[in-house]
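Have a look at the structure below before the remarks.
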Amino acid sequence: EIGSGLVGSEMCKETAHKGFCDVDFEGVKAITTKFAGKLFGRLYDNLGKEEFYKNIHIINMSNDVKISYEVGLIRYIKYFI
């Protein structure tokens with residue numbers, strides 16, 4: 001499970017090491033809402049709302065990817081937190 005396992009684990013390590021994590025979506029044309037929810041929703045749950053928005057920096061995200069990201073994160077928060 002990339003969303004919850006490997007990628008999320010690496011992002012948590014980087015956040016712990018540097019105090020923040022830049023997530024660069026350059027070249028990414030699409031993501032599923034399920035992927036976004038699992039990856040970012042679990043990070044949101046683990047870090048808490050304030051730390052998540054302070055320390056996870058989303059960059060170079062297209063509007064299409066942003067929609068999937070937002071829908072996935074909102075659904076995860078609504079149903080699992």
I'd like to know whether L47 forms a side-chain contact (heavy atoms from CB on, under 4.5 Å) with I56, so could you lay out the CA-CA distance, the side-chain angles of the two residues, the decisive distance to 0.1 Å, and finally the verdict.
CA-CA 10 Å; L47 296 172; I56 304 299; 3.9 Å; yes
Trace of the side-chain contact (heavy atoms from CB on, under 4.5 Å) decision for I58 with Y53
CA-CA 9 Å; I58 309 295; Y53 286 111; over 6 Å; no
Derivation of the side-chain contact (heavy atoms from CB on, under 4.5 Å) call for F80 and D45:
CA-CA 9 Å; F80 297 106; D45 195 16; over 6 Å; no
Can you find a heavy atom in the side chain of R42 that is under 4.5 Å from one in the side chain of Y76?
yes
Would you check if D64 and K29 make a side-chain contact, meaning some heavy-atom pair closer than 4.5 Å?
no
Nearest-0.5 Å distance, [atom1] of residue [X] to [atom2] of residue [Y]:
{"X": "E70", "Y": "N63", "atom1": "CD", "atom2": "CG", "value": "9.5 Å"}
{"X": "E51", "Y": "L43", "atom1": "CD", "atom2": "CG", "value": "12.5 Å"}
{"X": "K49", "Y": "K54", "atom1": "NZ", "atom2": "NZ", "value": "15.5 Å"}

Group every Ile, Leu, Val, Met, Phe, Trp and Tyr by side-chain heavy-atom contacts under 4.5 Å, then state whether F35 and Y79 land in the same group.
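Same cluster: F35 reaches Y79 through Ile, Leu, Val, Met, Phe, Trp or Tyr contacts under 4.5 Å.
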Do you reckon L39 sits in the same ILVMFWY cluster as I81, going by side-chain contacts under 4.5 Å, direct or chained?
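L39 and I81: one cluster.
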In the hydrophobic clustering (ILVMFWY, side-chain contacts below 4.5 Å, transitive), which residues join I67, or is it alone?
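Noted: I67 shares its cluster with V71.
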Pair Y69 and F40, ring centroids less than 6.0 Å apart:
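Y69 vs F40: aromatic centres under 6.0 Å.
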Suppose we screen for side chain to side chain donor-acceptor pair (under 3.5 Å). Which residues come up paired with D22, at least two apart in sequence or across chains?
H57
Minimum heavy-atom separation for [X] to [Y], with atom names?
{"X": "S62", "Y": "V28", "answer": "OG-O, 4.2 Å"}
{"X": "K66", "Y": "M61", "answer": "CA-SD, 3.4 Å"}
{"X": "S68", "Y": "A36", "answer": "O-CB, 3.7 Å"}

F25: partners by ring pair (Phe, Tyr, Trp, His ring centres under 6.0 Å), with sequence neighbours left out:
none
